[in-house]
Amino acid sequence: MRSLLIVGVQLGYTVIFGWYAAFLFIRTGNLVSPIVAHILCNMMGLPVFSSQRTRGLTSLAFLAGSVSFFCLLFPATSPKLYNARLDGCSCWHGYCRWS
């Protein structure tokens, strides 16, 4: 039963990260963004809440990081930040030229 829980957490975490990496690539049009996110994700890992000594601090840092992540998700991935075109199109894939 414990192994199913471990596999379920890992699978859920991997699926969520895959969605996020796809979101980064689609939003920015830049392959570097999901690669850097993957590197940072591998470096950080999942937070450890099991230590009694640091549980409160870890929970507070996790909460602050989650709030910051969701507040900055769309502003930090705005296509205007990653588009070097001079043709007036604000997206990387060029769909705005057809509308």
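Quick note: residue numbers are just sequence positions, from 1.
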Inset, instruction - Could you state whether Ile16 and Leu40 fall into the same hydrophobic cluster, counting links through intermediate Ile, Leu, Val, Met, Phe, Trp or Tyr residues with side-chain heavy atoms under 4.5 angstrom apart? - result: no
Legend entry - Pairwise distance CD1(Ile26) to CH2(Trp19) - rounded to 0.5 angstrom: 13.0 Å
Legend entry - Smallest separation among heavy atoms of Phe74 and Arg27, with atom names: O-NH2, 3.0 Å
Legend entry - Residue pair Ser33 / Phe23, side-chain heavy-atom distance below 4.5 Å: no
Legend entry - Distance, nearest 0.5 Å, that separates CG of Leu73 from OG of Ser68: 12.0 Å
Inset, instruction - Taking all heavy atoms of Ala21 and all of Pro34, pick out the closest pair and write down the distance. - result: O-CB, 3.8 Å
Inset, instruction - Please round to the nearest 0.5 Å and tell me the distance separating atom CG of Asn30 and atom OG1 of Thr77. - result: 12.0 Å
Legend entry - Minimum side-chain heavy-atom gap Tyr20-Phe69 below 4.5 Å: yes
Inset, instruction - Indicate the atoms forming the closest heavy-atom contact of Cys41 with Tyr13, along with that distance. - result: SG-OH, 2.8 Å
Legend entry - Atom pair CG (Leu31) and CG (Leu24), whose distance is rounded to the nearest 0.5 Å: 11.0 Å
Inset, instruction - Verify the cluster assignment for Val36 and Phe25: are they in a single hydrophobic cluster under the rule of side-chain heavy atoms below 4.5 Å apart? - result: no
